[in-house]
J.: 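Encoded as structure tokens, here's the structure I'll be asking about.
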Amino acid sequence: MTTGQATIPAGDAGTTVTLPDLPPGHYLVRADGVTGRFARLPARPAVTGPTSRFGVNVWASSLVPPSRLADFAAALRDMGAGWVRDGQSWPAAEPAPGMYDTAQHDRRTRTLRAHGLAVLDVLSHAPEWAMTDASLPLPADLRHAYRYARRLAAAAPEALQLSNEPDVDTTRSTGDAHAAFVKAAALGIKDAAPEPCLVVLPGIAQTGPFQDLMLANDVVRYADVWAFHGYPDPSEPGEPSLPGAADEQHELARRHQADVPLWMTECGAFQKARPGEDLTPGQEITQARYVVRSTVEGLAAGNDRQFWFAGPPLHDDGVYFGLLDRDFRPLPAYSAFAALTSLLGAAHFTGPAPRLPDGVRGFAFDSGRGERVTVVWAQRPVRLDRYVTGTAYDMMGRRLPTGRPVTASRDPLYVVTPADPPTPPATTRPRARLSPAEHIVLAQRFSARDAAPGKDDGDAPPPHGYRLGRRTRMTVDVYNFGDTARQVTVAAQPVGGGWTVRAEQGRAEQGREATRIRVPAGGRIGVNFTVRAQRSVPRRIDRRLAFGATLDDHSEVPASVALIHLK
């Protein structure tokens with residue numbers, strides 16, 4: 001601690017105090033009961049823009065006053081964030097069909113990008129005019145999703161994410177309905193420009209039947225990025241630990257042979273605080289540790305990008321998440337984030353650190369600057385002098401004196417040594433344009449009385465499918481998002497288990513009920529089917545109801561797969 005005195009001349013409101021040359025870190029200034037905060041940032045700049053692996057959630061329209069936005073964006077850039085995850089309200093952006101008002105959001109996006117930040121925009125729920133009781137929170141006509149996503153993509157954000165945590169909202173929307181929405185929106189993005197922005201799948205809160213059903217509907221082929229979220233258990237005592245979400249999602253992606261990068265678009269720690277009150281000093285340090293440890297472990301798990309939740313002051317249901325305090329001053333976690341991005345650089349994970357003593361965790365990275373950077377920590381202090389060599393830095397990026405003992409502790413430590421030639425920075429590119437068959441989207445439509453049970457925040461027990469009677473009439477909507485009319489043959493797959501599906505107009509084709517229709521470019525045609533449950537069908541047991549389609553050249557349209565049960 002350093003103390004001193006300064007004189008404010010008569011008639012002046014303040015004075016200037018010259019501080020010594022400070023090392024990187026987080027600092028408090030106290031004067032006559034007034035406390036200020038500032039961060040001394042590392043001298044070495046972080047990787048910026050789309051090649052950066054580090055992102056921050058901002059939700060600027062709700063959390064950042066317009067007068068603060070430019071300074072806030074500069075603070076994120078200086079901290080080393082390459083990406084920001086933002087969004088706007090679809091109901092506000094399109095208050096009536098085809099009448100767009102995105103001026104405010106476009107200004108925010110321009111400000112963020114002007115400060116070198118790549119933008120991941122998120123689609124919100126649909127406007128009320130576009131929904132029905134049966135479609136909530138999605139538009140009943142998916143052409144609205146196509147047009148809105150195409151409009152947003154025309155503004156050229158770096159990436160668009162097709163909704164936020166649909167698996168734990170309070171509606172009865174199902175994985176199959178959301179998959180059809182994702183396909184329509186993705187096609188709007190892909191058709192917006194010759195080199196469109198990245199299509200990012202919805203941020204999934206947790207693995208489970210909702211995501212499984214989305215994946216069964218073959219949504220990955222429409223996307224450039226697989227996304228998910230991960231938070232520690234708030235009831236877990238002591239220091240928060242990285243949840244198993246990354247391992248679960250990477251295993252799921254391997255099972256589905258998804259050849260796309262995985263992004264964790266939300267990761268944060270639950271720090272309880274009353275509204276209007278700051279975190280305690282202990283909570284601030286816990287948050288700073290978790291920023292580093294969760295990001296390092298997420299990248300080590302294979303995440304291509306990692307987004308902290310959140311950057312601005314954010315108090316949500318008794319929990320404080322921000323890297324800045326209520327006056328937009330930096331918390332210790334801000335300085336820890338800056339040290340992390342400065343030291344890791346390109347942050348290409350090369351493997352676990354070898355030959356560390358028991359109780360020490362270590363992760364090695366290629367910084368892209370001809371350096372190997374090893375991040376280590378331990379629950380209890382452990383001397384590392386015999387195990388590591390190189391230049392050591394503390395959690396805030398302060399260089400530790402050479403020749404002194406190096407000790408791993410709960411505060412992450414960085415050790416930098418020379419390495420082989422640098423690895424090129426990480427890039428994610430849009431996939432190839434989608435085929436005419438992939439421009440056909442099938443969507444199953446049931447009446448509101450047949451809606452699936454509520455998701456109960458993602459933890460609802462089975463059954464999860466649409467609730468049908470012994471005889472239910474439903475529709476398969478066939479959308480053509482291509483620029484040419486198409487002849488489409490729609491067929492129901494056998495359900496089995498005492499269920500039968502009969503087309504109201506069609507023919508038997510290889511044991512299936514099939515209907516051939518002509519769908520104009522940009523059009524939608526509904527094909528009606530009747531689903532029957534025989535007396536042998538047990539109640540409340542889910543079965544898959546699937547529909548496929550082909551074009552006249554025999555190319556296959558991605559299937560629509562739903563769950564149904566006898567209520």
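Throughout, residue positions are numbered sequentially from 1 according to the sequence presented.
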J.: Of all the heavy-atom pairs spanning Y290 and P243, show the shortest one and how long it is.
T.: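 Here Y290 and P243 meet closest at OH-CD, 3.7 Å.
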J.: Give every residue pair that meets the salt bridge (Lys or Arg N to Asp or Glu O under 4.0 Å) criterion with at least one member in residues 329-351, sequence neighbours excluded.
T.: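 Counting only pairs at least two positions apart or across chains, the salt bridge (Lys or Arg N to Asp or Glu O under 4.0 Å) contacts touching residues 329-351 are D325-R329, D327-R329.
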J.: Would you check if the side chain of Y479 reaches a backbone N or O of L142 as a donor-acceptor pair within less than 3.5 Å?
T.: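 Side chain of Y479 to backbone of L142, a donor-acceptor pair under 3.5 Å: yes, one is there.
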J.: Would you please name every residue forming a side-chain contact (heavy atoms from CB on, under 4.5 Å) with R254, sequence neighbours left out?
T.: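 Applying side-chain contact (heavy atoms from CB on, under 4.5 Å) to R254 gives H250, E251.
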J.: Going from CG on D247 to OG1 on T207, what distance comes out if it is rounded to the nearest 0.5 angstrom?
T.: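 One finds 11.5 Å between CG of D247 and OG1 of T207.
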J.: Just distance, no hydrogens or angles: give the donor-acceptor pairs under 3.5 Å from side chains in residues 91-104, sequence neighbours left out.
T.:
| from | atom 1 | to | atom 2 | distance (Å) |
| --- | --- | --- | --- | --- |
| E94 | OE1 | W90 | NE1 | 2.8 |
| E94 | OE2 | G98 | N | 2.8 |
| T102 | OG1 | D106 | OD2 | 2.9 |

J.: For residues W83 and W308, establish whether the separation of their ring centroids is below 6.0 Å.
T.: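 No, they do not, as the ring centres are separated by 6.0 Å or more.
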J.: Within the structure provided, determine whether V557 and L442 are in side-chain contact (heavy-atom separation under 4.5 Å).
T.: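 The answer is yes; the side chains approach within 4.5 Å.
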J.: Give the intermediate values and the outcome of ring pair (Phe, Tyr, Trp, His ring centres under 6.0 Å) for residues W377 and F363.
T.: CA-CA 10 Å; W377 62 82; F363 304 85; 5.4 Å; yes
J.: Quick one: ring pair (Phe, Tyr, Trp, His ring centres under 6.0 Å) pairs with a partner in residues 112-131, sequence neighbours left out?
T.: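 Output for this query lists W129-H144.
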J.: Considering only heavy atoms from C-beta outward, does the side chain of V490 approach that of V478 to under 4.5 Å?
T.: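 V490 vs V478: side chains touch.
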J.: Using a 6.0 Å cut-off, check whether atom CG of D483 has over 12 heavy atoms from anything other than its own residue.
T.: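 Counting neighbours around CG of D483, 12 or fewer heavy atoms of other residues, nucleotides or ligands fall under 6.0 Å, so no.
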J.: Going by the salt bridge (Lys or Arg N to Asp or Glu O under 4.0 Å) test, which pairs reach into residues 185-198, not counting sequence neighbours?
T.: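 Non-adjacent pairs meeting salt bridge (Lys or Arg N to Asp or Glu O under 4.0 Å): K190-D224, D191-R433.
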J.: For F547, check ring-ring contact (aromatic ring centres under 6.0 Å, His included) against everything at least two apart and list the hits.
T.: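 ring-ring contact (aromatic ring centres under 6.0 Å, His included) check on F547 returns F529.
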J.: Please check: side-chain N/O of H439 versus main-chain N/O of S435, any donor-acceptor pairing under 3.5 Å?
T.: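 Side chain of H439 to backbone of S435, a donor-acceptor pair under 3.5 Å: yes, one is there.
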J.: For D459, does the CG atom have more than 12 heavy-atom neighbours from other residues, nucleotides or ligands under 6.0 Å away?
T.: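 Count over threshold, so yes.
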J.: How would you list all residue pairs meeting salt bridge (Lys or Arg N to Asp or Glu O under 4.0 Å) that involve residues 41-56, not counting sequence neighbours?
T.: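 Of all non-adjacent pairs touching residues 41-56, those that pass salt bridge (Lys or Arg N to Asp or Glu O under 4.0 Å) are R44-E371, R53-D304.
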J.: Taking ring-ring contact (aromatic ring centres under 6.0 Å, His included) as the definition, give me every residue that meets it alongside F446, ordered by chain and number, with sequence neighbours left out.
T.: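 Once residues adjacent in sequence are excluded, the partners of F446 under the ring-ring contact (aromatic ring centres under 6.0 Å, His included) criterion are Y466.
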J.: What residues form a ring-ring contact (aromatic ring centres under 6.0 Å, His included) with F270, not counting sequence neighbours?
T.: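 Result, ring-ring contact (aromatic ring centres under 6.0 Å, His included) vs F270: Y231, F321.
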J.: Return each pair, listed once, that meets salt bridge (Lys or Arg N to Asp or Glu O under 4.0 Å) where at least one residue sits in residues 160-185; pairs must be two or more places apart or across chains.
T.: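 Qualifying pairs, neighbours excluded: D169-K455.
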J.: Could you check whether any side-chain heavy atom of V296 comes within less than 4.5 Å of a side-chain heavy atom of L340, counting everything from C-beta outward?
T.: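 In contact.
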J.: Does the side chain of M214 come within less than 4.5 Å of V182's, by heavy atoms?
T.: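 A side-chain contact under 4.5 Å exists here.
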J.: Might you point out which heavy atoms bring R143 and G522 nearest each other, and give the distance in Å?
T.: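 Nearest heavy atoms, R143 then G522: CD-O, 3.2 Å.
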J.: I'd like to know if the side chain of T132 and the backbone of S135 have a donor-acceptor N/O pair within less than 3.5 Å.
T.: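 Yes, the answer is positive, given that a donor and an acceptor are paired below the 3.5 Å cut-off.
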J.: Short question: side chain of T111, backbone of R107 - any donor-acceptor pair under 3.5 Å?
T.: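 Between the backbone of R107 and the side chain of T111 there is a qualifying donor-acceptor contact (under 3.5 Å).
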J.: Which residues satisfy the ring-ring contact (aromatic ring centres under 6.0 Å, His included) test with H229, sequence neighbours excluded?
T.: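 In terms of ring-ring contact (aromatic ring centres under 6.0 Å, His included), with neighbours along the sequence ignored, H229 is linked to no residue.
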J.: Would you name the heavy atoms of I189 and P196 that are closest together and state the gap between them?
T.: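 That would be O-CB, 3.3 Å.
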J.: Walk me through it: do Q211 and Q249 pass the test side chain to side chain donor-acceptor pair (under 3.5 Å)?
T.: CA-CA 10 Å; Q211 186 183 21; Q249 292 288 334; 2.9 Å; yes
J.: Could you tell me whether the side chain of P24 reaches within less than 4.5 Å of the side chain of M396, counting heavy atoms only?
T.: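 No; the side chains remain at least 4.5 Å from each other.
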J.: Quick check against the 3.5 Å criterion: does Q444 have a side-chain atom that pairs as donor or acceptor with the backbone of S560?
T.: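 Here the side-chain-to-backbone pair exists.
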J.: Could you name each residue pair satisfying side chain to side chain donor-acceptor pair (under 3.5 Å) that touches residues 62-82, not counting sequence neighbours?
T.: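 Counting only pairs at least two positions apart or across chains, no side chain to side chain donor-acceptor pair (under 3.5 Å) contact touches residues 62-82.
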J.: Can you tell me if CZ on R544 sees more than 12 non-hydrogen neighbours from other groups inside 6.0 Å?
T.: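 Open.
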J.: Does any non-hydrogen side-chain atom of T428 lie less than 4.5 Å from one of R305?
T.: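 In short, these two side chains touch, coming nearer than 4.5 Å.
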J.: What I'd like to find out is whether the side chain of P430 reaches to under 4.5 Å of the side chain of L198, using heavy atoms alone.
T.: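 Result yes, sub-4.5 Å side-chain heavy-atom pair found.
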J.: Using 0.5 Å steps for rounding, measure from the CD atom of Q271 to the CG atom of L331.
T.: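 Atom-to-atom, Q271:CD and L331:CG are 10.5 Å apart.
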J.: Considering non-hydrogen atoms only, spot the tightest contact between E158 and C197 and give its length.
T.: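 Looking at all heavy atoms of both residues, the closest pair is O-CB, 3.5 Å.
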J.: Spell out, as yes or no, whether a donor-acceptor pair under 3.5 Å connects the side chain of N480 to the backbone of V519.
T.: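 Side chain of N480 to backbone of V519, a donor-acceptor pair under 3.5 Å: yes, one is there.
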J.: Are H256 and V219 side-chain neighbours, meaning at least one heavy-atom pair lies under 4.5 Å?
T.: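 H256 does not reach V219 side chain to side chain.
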